[in-house]
Amino acid sequence: MTIFNKGAAAVCAAAVMLAVVPAVHAAEAPPLPSFTVDWSQVSVSGLSSGAFMAVQVQTAHSADIMGAGIFAGGPYGCARGNLTLATLSEAITSCVNIEQVSWTPVSGKGSYLRPPVVKDLVAGTRDLARSGAIDPVSGLADDKVYLFSGKADHTVPQAVMTALKQWYGAFVPAAQVTGDFGTDAGHAMITGDYKNDCPVTELPYINDCNLDGAGKTLATIYGPLKSDPAAKGRIIAFDQRAFVPEDSVGYDGLHDLGHLFVPEQCETGATACKLHVVFHGCQQNQDFIGDDYWLRTGYNEHAAANDIIVLYPQTKASEKSAFNPLGMPNPKGCWDWWGFTTQDYLTKNGVQMRAVWGMVERVANRSNR
């Protein structure tokens with residue numbers, strides 16, 4: 001599996017009582033509701049292409065994001081942040097390893113050659129912050145970060161995650177960054193009891209490693225978690241297309257439907273709840289693995305017991321004939337971390353960035369969308 005075929009995540013739905021709504025068609029999807037959210041407690045996490053997206057959102061909106069969990073991702077701007085063939089080459093040779101899969105870019109078969117050059121990416125991040133395209137990098141200084149990289153992950157090599165840890169080191173105190181690189185895990189979201197064997201890299205890219213990746217992430221960001229098997233919550237499907245920017249042109253990579261997990265105590269508004277945004281990997285949206293990502297990744301049980309609303313935005317794969325000017329389709333439904341939408345993707349003005357941030361602001365009742 002490659003960054004263009006991303007992994008999955010797991011949640012033990014049995015541990016939390018969920019009021020799961022039946023399958024909803026796009027035309028029937030209600031608008032995304034708002035809740036009482038503590039704006040100082042907004043965080044992100046993701047796997048693979050979703051991990052790159054989580055880093056992008058955290059960095060671009062660092063004034064408002066207070067932590068992140070990154071599973072098999074890379075530094076901000078890893079693909080150099082421009083829409084050229086050089087970007088495609090850099091994404092392939094420095095950020096992922098696609099040698100083992102049958103995928104051929106414009107210039108021929110690609111493969112991982114070297115980790116990204118961290119000092120250049122740090123300098124590029126600072127330049128974008130100075131330009132105002134993203135928040136000042138000082139906003140990262142108080143963040144808490146959990147990094148996971150499996151020893152059997154040959155899709156995003158551990159050297160790329162080491163580079164990410166070094167990139168964080170330029171902005172975040174070392175004591176606030178937790179690196180977990182010792183598990184013999186494949187390219188997947190890591191859970192305590194679901195689904196594939198730990199070293200495997202295959203659909204649904206959710207692995208049973210006897211390690212609660214979601215719990216590790218949330219505890220790193222928010223501190224010790226409470227356990228309450230009786231805690232309840234519900235999954236809400238919502239109209240995600242309402243958040244696609246009106247000036248978006250062509251393929252934006254976003255699904256018609258998104259999903260939200262809301263703990264019972266967050267429904268009334270009496271509790272100011274935290275908000276965590278979870279980005280799936282490629283081949284992990286609802287068209288590929290159904291509800292596995294928002295029900296089987298481990299987030300909801302912890303969220304229900306700890307006053308955390310969880311937003312699960314969703315991608316949409318391109319049609320096989322929908323090629324962008326670089327000749328790259330998105331048949332696996334990845335998040336845009338190198339520019340395949342041919343629109344801005346790395347800064348606050350990115351088409352997916354604006355859409356997701358609109359969802360965040362709506363959930364937190366900070367916008368009129």
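Computed from heavy atoms alone, side chains included, the values below leave out hydrogens, waters and symmetry copies. Fair warning: this is a prediction, and the values are worked out from it, not measured in the lab.
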- Message: Quick test of your reading of the model: are Asp247 and Arg354 salt-bridged, counting only N-O distances below 4.0 Å?
- Response: yes
- Item | Salt-bridge contact Lys316-Asp287 (side-chain N to carboxylate O under 4.0 Å) | yes
Do you know which two heavy atoms are closest between [X] and [Y], and how far apart they sit?
X      : Y      : value
Thr183 : Cys198 : CG2-SG, 3.8 Å
Asn207 : Gly186 : ND2-N, 3.9 Å
Tyr76  : Val55  : N-CG1, 3.7 Å

Within-4.5 Å side-chain heavy-atom neighbours: [X] and [Y]:
X      : Y      : result
Val310 : Leu260 : no
Asp153 : Thr201 : no
Asp64  : Val42  : no
Phe171 : Thr125 : yes
Tyr312 : Asn300 : yes

Does any donor atom in the side chain of [X] or [Y] lie under 3.5 Å from an acceptor atom in the other side chain?
X      : Y      : value
Asp291 : His259 : no
Ser40  : Asp38  : yes
Gln240 : Asp256 : no

- Task: Would you please indicate yes or no on a ring centroid separation below 6.0 angstrom for His276 and Tyr299?
- Result: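 Yes; His276 has its ring centre under 6.0 Å from that of Tyr299.
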- Message: So that I know where these two stand, are His280 and Trp335 an aromatic pair - ring centroids less than 6.0 Å apart?
- Response: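 Ring centroids of His280 and Trp335 are less than 6.0 Å from each other.
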- Task: Please answer: with hydrophobic residues joined when any side-chain heavy atoms are less than 4.5 Å apart, are Val244 and Met53 in the same cluster?
- Result: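 Hydrophobic grouping puts Val244 with Met53.
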- Common cluster, Val200/Tyr293, ILVMFWY with side-chain heavy-atom separation under 4.5 Å: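 No, because Val200 and Tyr293 fall into different hydrophobic clusters, even though each may have its own neighbours under 4.5 Å.
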- Does Ser62 reach the main-chain N or O of Pro136 with its side chain, forming a donor-acceptor pair under 3.5 Å? yes
- Note on the structure: Test side-chain hydrogen bond (donor to acceptor under 3.5 Å, both in side chains), reference Thr341, set Asn330, Asp336, Asp252, output is Asp336
- Task: Determine, step by step, whether Glu264 and Arg234 satisfy the salt bridge (charged side-chain N to carboxylate O under 4.0 Å, His left out) criterion, reporting the C-alpha distance in whole Å, the side-chain angles of both residues, the deciding distance to 0.1 Å, and the verdict.
- Result: CA-CA 7 Å; Glu264 190 176 63; Arg234 68 179 176 123; over 6 Å; no
- Give the C-alpha distance, both sets of side-chain angles, the deciding distance and a yes or no for side chain to side chain contact (heavy atoms under 4.5 Å, CB included) between Val96 and Val160. CA-CA 8 Å; Val96 297; Val160 179; over 6 Å; no
- Of Tyr222, Phe71, Tyr168, which meets ring-ring contact (aromatic ring centres under 6.0 Å, His included) against Tyr146? Phe71
